[in-house]
Visitor: 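Dumping the structure here so I can ask a few things about it.
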There are 2 protein chains.
Amino acid sequence: MTDVSSRDEVPPPTRRERVRAATVQEIKQVTRRLLVERGPQQVSLRAIAREMGMTAPGLYRYFPSYDDLLVELVADMYGELADLLIEEREAVPGADPGCRLVVTTRAFRAWAVAHPREYGLLFASPVPSLKEIAAPPHSCSSVHLSGMRFGNVFVEAFFELWGWRPFPVPADDELPGGLVSQFVGYRAELAELYGDEIAQVPLGAFHVFLACWVRLYGLVALEVFSHLHFCLTDVEPFFEANLEDLAAQLGIPAETVRRGRPVR
Amino acid sequence: MTDVSSRDEVPPPTRRERVRAATVQEIKQVTRRLLVERGPQQVSLRAIAREMGMTAPGLYRYFPSYDDLLVELVADMYGELADLLIEEREAVPGADPGCRLVVTTRAFRAWAVAHPREYGLLFASPVPSLKEIAAPPHSCSSVHLSGMRFGNVFVEAFFELWGWRPFPVPADDELPGGLVSQFVGYRAELAELYGDEIAQVPLGAFHVFLACWVRLYGLVALEVFSHLHFCLTDVEPFFEANLEDLAAQLGIPAETVRRGRPVR
DNA sequence: CAGTGTTAGCGAACGGTGTTAACTTTGAAG
DNA sequence: CTTCAAAGTTAACACCGTTCGCTAACACTG
């Protein structure tokens, strides 16, 4: 038992495995570069292969299909985005949970604006495939898992704030009956992940969390898709105003929001 | 001058023009049917032509390209959606402006949920083409115009409510400086369209309008794209709760919101 | 070292796509 | 009846995702 090699731990990667992993990485990088530089329409297996000095069928040694390649790329980008948000949040030393949530939110919008093509791939999936809907609730695909990981960045920041300094939320009997049972289920799911302190959070906090997420999503999506262009040429002040509003709802003082505001 | 035929008014459509218009209509209908029944991936010129008993190149007599066909379809659907919202609103006789706004909002969500594929085509455009951004502000394409028409349905309902019974909005000096000038411009644009009473509306009302639209958009988009599925299996009560919340912000009593709620 | 099996990558091919060009048919107008 | 423009065809081009069969190169075993 003390012998390391006797266990079936990960054996050291062979040379072959290393170059294979490197190729997989290069394929994803090239795919993403094509997406960014030439748009989603111009991304094709043949274009990727051409860019790498090989032919399209060769890529099938690494991905079972074009869609699988995209799916894996999406999962990677969800992960990257989650990492970035956490990183930016931790880069503010000694920040209170309110500030940390604001930083996370602002970083999300900044990433979306800076990476509109990637954002489109992640958050404007054409239409969810029907099988995904029919899938059992806990059978999580790779995308689903990464998506969860991303979402949980906000979940953590939000409930960290709640634990630090609770804010007003609707009482249980103020929530529609149809919502209560669903929030109970979601809370239980999160409690399984984060421990029992989550189980003490009132259901109204989940309602507020979702409402905030809805607003943030709408804000960023509309900006990235240029759907606010009909009245706003510069969306940033509008975003900051909404952020301040959102923060106020969570008991975060405007001064905390303004402190981290990017200079312009 | 009194002679009708001497002016270049619309001459009576010839038989040729009528069958041509009918064909254009059929192409759009078939395209939409394919979109709904088989998904956006399966929509192709050849499939459309096949479905109509003709060949793909024949369609080029009616549309200069595949993209143009889609663009025109999108414009049509914006118009149809706008018509539907107005119709549903007018179907409630003697309703006060608050009720009318609620009905409009609810109808929008209902349409989106009932037509997810169409909704995806309208509101999750892959990524705005760069030329659209570079285009001068008042050069409006067909999509742009129809999109405006749709948006103005909400604009009208919102400012009708304001004119009927104003609600609290932030004062001008509470708005960020970067927003004031943009709202001034947008207000002037609307005043040109709706007359001078709009010019009297305070800028804060435009801020509130946009914030409401952001929230509604996020709500509906997240539902249609199944991005709330991670915690809600039935989104309707959540939508109704947000609608009530939104209405309260506009001074619409909860009783008014509940009155028109669909029975379940 | 020789032998062997696995793997990476290639070219050809199939059915599909949007699009163009050249041609035929059709129907309305002078 | 002639003429001419419009509608629709077939053939072709360049591209797409994907599969098949093949050739190398590689890693491991006797």
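As the structure is a computational prediction, the values presented were derived from the model and not from experiment. Residue numbers start from 1 in every chain, and the chains themselves are labelled A, B, ... in the order their sequence lines are given, proteins ahead of strands.
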Visitor: By nearest nucleotide on DNA chain D, pick out whichever of A:Val43 and B:Pro57 is the more 5' one.
Guide: B:Pro57

Visitor: Taking atom types as they are modelled, is there a donor-acceptor pair under 3.5 Å from the base of C:dG18 to the side chain of B:Arg46?
Guide: yes

Visitor: Does a nitrogen or oxygen in the side chain of A:Arg50 sit under 4.0 Å from OP1 or OP2 of D:dC16?
Guide: yes

Visitor: Return the value, rounded to whole Å, for the distance between atom CZ of A:Arg61 and atom C1' of D:dC22.
Guide: 11 Å

Visitor: Between D:dG17, C:dT19, D:dA7, which nucleotide has the shortest distance from any of its atoms to the side chain of B:Ala56?
Guide: C:dT19

Visitor: How many Å lie between CG on A:Leu59 and C1' on D:dC20, as a whole number?
Guide: 17 Å

Visitor: Base, sugar-phosphate, or nothing for A:Ser65, non-hydrogen atoms under 4.0 angstrom?
Guide: sugar-phosphate

Visitor: Given the side-chain rings of A:Phe158 and A:Tyr194, with only the six-membered ring counted for Trp, is the space between their centroids under 6.0 Å?
Guide: no

Visitor: Give a yes/no answer on whether the side chain of A:Tyr60 brings an N or O atom under 4.0 Å of OP1 or OP2 in D:dC20.
Guide: no

Visitor: Nearest-Å distance, CZ (B:Arg38) to P (C:dG16)?
Guide: 13 Å

Visitor: Does C:dT7 have OP1 or OP2 sitting under 4.0 Å from an N or O in the side chain of A:Arg20?
Guide: no

Visitor: When the aromatic ring centroids of A:Phe154 and B:Phe230 are compared, is their separation below 6.0 Å?
Guide: no

Visitor: Send over the distance from A:Met52 CE to C:dC10 C1', rounded to a whole Å.
Guide: 15 Å

Visitor: Does a side-chain N or O of B:Ser44 approach OP1 or OP2 of C:dT17 to a distance below 4.0 Å, or not?
Guide: yes

Visitor: Looking for any heavy atom pair under 4.0 Å, which part of the strands does B:Tyr62 touch: base, sugar-phosphate only, or nothing?
Guide: sugar-phosphate

Visitor: When the aromatic ring centroids of A:Phe209 and A:Phe183 are compared, is their separation below 6.0 Å?
Guide: no

Visitor: State whether A:Thr55 places a side-chain N or O below 4.0 Å from either non-bridging phosphate oxygen (OP1 or OP2) of C:dC10.
Guide: yes

Visitor: Is there side-chain contact between A:Tyr186 and B:Leu232, with heavy atoms separated by less than 4.5 Å?
Guide: no

Visitor: Looking at B:Phe123 versus B:Tyr78, is the centre-to-centre ring distance below 6.0 Å?
Guide: yes

Visitor: Between P on D:dG17 and CG on A:Leu70, what's the gap in Å once rounded to a whole number?
Guide: 9 Å

Visitor: Measuring from the side chain of A:Ala47 (C-beta onward, heavy atoms only), which nucleotide among D:dT18, D:dC16, D:dG8 has the closest atom?
Guide: D:dC16

Visitor: Return the value, rounded to whole Å, for the distance between atom CZ of A:Phe63 and atom P of D:dT19.
Guide: 16 Å

Visitor: Given atom CD of A:Glu17 and atom P of C:dT6, what is their separation to the nearest angstrom?
Guide: 16 Å

Visitor: Starting at atom CD of B:Gln41, determine the distance to atom P of D:dG17, rounded to an integer number of angstrom.
Guide: 11 Å

